[in-house]
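Report on one structure; see the data block that follows.
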Amino acid sequence: MTTHWAPMVELVETVSVGKSKACDIIVGETPIMRHVKNHIELIGRSDAPVLVQGETGTGKELVAEALHAVSGRDGQLVAVNCAAIPADLLESELFGHEKGAFTGADSRKIGRFEQAHGGTLFLDEIGDMPAALQVKLLRVLETRKVRRIGSMEEIDVDFRLVTATHRDLISGTEVDFREDLFFRVAVFQLELPALSQRTSDIPLILERMLQDVVKKDPNIAVPHFDPTAVRALAAHPWRGNVRELRNTLIRATVLFPGQMINGEMVKSYLLNAALPDLADGVRVTDATLPEAQGLPDPEDFRKLGEDAADLDVRRYLRDIEIALIEAALDRTSGCVSRAADALRLRRTTLIEKIKKYGLQRD
Ligand SMILES: Nc1ncnc2c1ncn2[C@@H]1O[C@H](COP(=O)(O)OP(=O)(O)OP(=O)(O)O)[C@@H](O)[C@H]1O
């Protein structure tokens with residue numbers, strides 16, 4: 001995490017920042033992500049421009065949403081991706097135009113600066129803004145006025161500017177960005193870490209994404225990830241960052257609905273493009289089966305049963321159940337809902353069993 005002003009880093013650590021719910025959309029509890037969220041809470045309340053930097057898919061747009069939410073500004077958050085709009089159309093997209101201002105301008109168009117009045121304007125990939133337009137943006141930031149193309153009238157605009165880039169705007173060789181504009185847009189700089197720098201956030205991010213999947217479709221059977229799967233995910237380089245993780249989860253949901261995914265399945269089918277072999281109607285390895293999770297095959301107990309002269313089956317099954325519940329609770333550091341997920345039990349059922357067997361943790 002770097003900021004434009006190093007002293008601010010200490011300030012955020014020492015000043016207690018009042019927490020809003022605005023940052024809840026950004027999942028992450030690693031120190032580096034807490035740091036980012038603290039900065040958003042602090043600088044989000046000011047009107048000063050913020051430049052968000054980070055690799056593709058690190059959540060720059062999400063940060064813009066959080067900054068807007070913290071700001072409490074009444075207007076809307078208006079997002080424009082400067083790399084996605086052809087250079088010759090970007091000006092009219094931002095400034096708007098009057099009817100007949102140029103060939104094809106059949107009606108008046110309100111530009112994005114005006115739409116963001118009272119709210120936040122998020123200019124994504126600002127490094128791709130053509131040089132001529134950079135001069136015009138600089139003027140808008142200085143005068144706080146815009147003129148639609150084909151109009152003489154100046155309109156006051158009051159928006160908070162958030163910009164984002166995955167490039168180095170000042171020393172990068174492939175970017176032609178005006179230094180005077182840089183200092184205007186980068187009053188505060190927030191740098192988002194790559195996912196590979198915060199792999200311990202992966203389970204939390206997956207959990208939130210799975211909740212979102214279920215919210216959209218309550219009937220969907222979501223997959224689960226065992227500890228070997230989580231380790232395999234953590235070892236991946238994640239060049240596409242959280243977006244790549246989301247796409248991986250989409251693959252998992254389609255390929256392994258309702259199944260327990262292990263490390264091998266992650267490496268073979270989720271982190272490379274290979275599809276599982278479904279020839280002859282053979283089902284993908286069903287990791288919900290005990291043997292797929294390294295547990296004894298229920299058939300193995302037949303021999304045990306034949307040899308055991310006298311077996312209190314209820315007590316034996318109860319002891320197995322207790323051992324599995326305790327192991328799941330240990331694995332999830334006592335988190336009942338995650339343990340319930342891992343055991344395919346409803347949370348309330350697991351709570352009943354914990355009470356019944358007296359498994360309360362100290
Ligand atoms: N910390 C996070 N918690 C939850 N979801 C996240 C997080 N970071 C990113 N995402 C999700 O990952 C996807 C990509 O995020 P986003 O579009 O904000 O990235 P970006 O840095 O703006 O990417 P690009 O540079 O390619 O525009 C989105 O679906 C977003 O919701």
Side-chain angles (χ1 to χ4, degrees), residues 1-2 19-41 44 49-70 77-85 90 93 112 120-129 161-169 172 174-175 177 185-186 188-217 222 225 230 233-234 236-253 270-271:
M1 168 78 201
T2 61
K19 288 281 179 303
S20 68
K21 289 213 162 275
C23 283
D24 288 359
I25 53 171
I26 302 170
V27 182
E29 290 303 327
T30 41
I32 199 163
M33 285 310 286
R34 280 175 192 244
H35 217 77
V36 168
K37 292 199 252 187
N38 280 343
H39 280 86
I40 291 172
E41 293 281 354
V50 183
L51 173 66
V52 189
Q53 290 164 294
E55 293 175 10
T56 181
T58 44
K60 299 186 290 297
E61 184 153 3
L62 221 49
V63 168
E65 279 177 45
L67 284 166
H68 176 64
V70 174
L77 170 69
V78 174
V80 180
N81 187 326
C82 301
I85 300 175
L90 191 54
E93 187 68 26
R112 301 300 191 135
T120 303
L121 179 66
F122 174 51
L123 295 181
D124 202 357
E125 301 300 355
I126 184 83
D128 286 32
M129 182 174 275
L161 182 68
V162 178
T163 51
T165 181
H166 68 280
R167 315 199 213 183
D168 183 341
L169 293 181
E174 85 280 29
V175 196
F177 202 75
V185 302
F188 290 113
Q189 290 181 56
L190 278 176
E191 187 151 327
L192 292 186
L195 185 58
S196 56
Q197 286 174 261
R198 44 175 160 134
T199 49
S200 55
D201 278 336
I202 288 177
L204 283 181
I205 299 175
L206 284 176
E207 200 174 309
R208 175 72 65 86
M209 288 177 173
L210 285 170
Q211 283 167 5
D212 291 345
V213 168
V214 173
K215 248 186 236 159
K216 272 196 201 134
D217 179 0
V222 294
F225 295 85
V230 173
L233 290 170
H236 186 64
W238 297 113
R239 292 201 180 83
N241 294 292
V242 186
R243 181 176 296 110
E244 187 187 352
L245 180 64
R246 193 194 57 191
N247 292 343
T248 303
L249 184 73
I250 293 171
R251 280 175 73 81
T253 312
L270 299 185
L271 296 178

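Computed from a prediction, not measured in an experiment: that's the story for all the values here. As a basis for the values below, the full set of heavy atoms in this structure was taken, side chains included, without hydrogen atoms, waters or symmetry mates. Whatever order the structure lists them in is the order used to number ligands and atoms, beginning at 1.
- For the residue pair Thr30 and Asp201, a side-chain donor N or O sits within less than 3.5 Å of a side-chain acceptor on the partner.
- The closest approach between any non-hydrogen atom of Gly54 and ligand 1 is not below 4.0 Å.
- The protein heavy-atom contact nearest to atom 1 (N) of ligand 1 is Val27 O, 2.9 Å.
- For atom 11 (C) of ligand 1, the closest heavy atom belonging to the protein is Val242 CG1, 3.8 Å.
- When hydrogens are left out, the protein atom nearest atom 22 (O) of ligand 1 is Glu61 N, 3.1 Å; that is the closest non-hydrogen contact.
- Using the six-membered ring where Trp is involved, His236 and Trp238 have ring planes that are perpendicular, over 60° apart on the 30 and 60° scheme.
- Looking at Ile26, Thr56, Asp24, Leu62, it is Thr56 that brings a heavy atom closest to atom 26 (O) of ligand 1.
- Less than 4.0 angstrom separates some heavy atom of Asp124 from each of these atoms of ligand 1: 27 (O).
- At least one heavy atom of Arg246 sits under 4.0 Å from some atom of ligand 1.
- With 3.5 Å as the limit, one finds a donor-acceptor pair spanning the side chains of His166 and Glu125.
- Taking 4.5 Å as the limit, some side-chain heavy atom of Val63 sits within range of a side-chain heavy atom of Leu190.
- Of all the heavy atoms of Asn81, none lies under 4.0 Å from any atom of ligand 1, so neither backbone nor side chain is involved.
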Exercise for the section: List the steps, then state whether side chain to side chain contact (heavy atoms under 4.5 Å, CB included) holds for Arg167 with Asp128. Expected result: CA-CA 10 Å; Arg167 315 199 213 183; Asp128 286 32; 2.5 Å; yes
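- A side-chain contact (heavy atoms from CB on, under 4.5 Å) with Asn247 holds for exactly one of Arg243, Arg251, Glu244; it is Arg243.
- Of the N or O atoms in Met33, none lie within a sub-3.5 Å distance of an N or O in ligand 1.
- Summarising the contacts of atom 24 (P) of ligand 1 with Arg198, Glu244, Glu55, Arg243, the nearest heavy atom is found in Arg243.
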Practice task
Show the numbers, then the answer: is there a side chain to side chain contact (heavy atoms under 4.5 Å, CB included) between Ile126 and Met129?
Solution key: CA-CA 5 Å; Ile126 184 83; Met129 182 174 275; 4.1 Å; yes
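- Of all the atoms in ligand 1, the ones that sit under 4.0 Å from a non-hydrogen atom of Gly59 are 8 (N), 9 (C), 15 (O), 16 (P), 18 (O), 19 (O), 20 (P), 21 (O).
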Exercise for the section: Could you walk me through whether Ile26 and Val36 pass the side chain to side chain contact (heavy atoms under 4.5 Å, CB included) test, one step at a time? Expected result: CA-CA 10 Å; Ile26 302 170; Val36 168; 5.5 Å; no
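- Closest to atom 20 (P) of ligand 1 among all protein heavy atoms lies Lys60 N, 3.5 Å.
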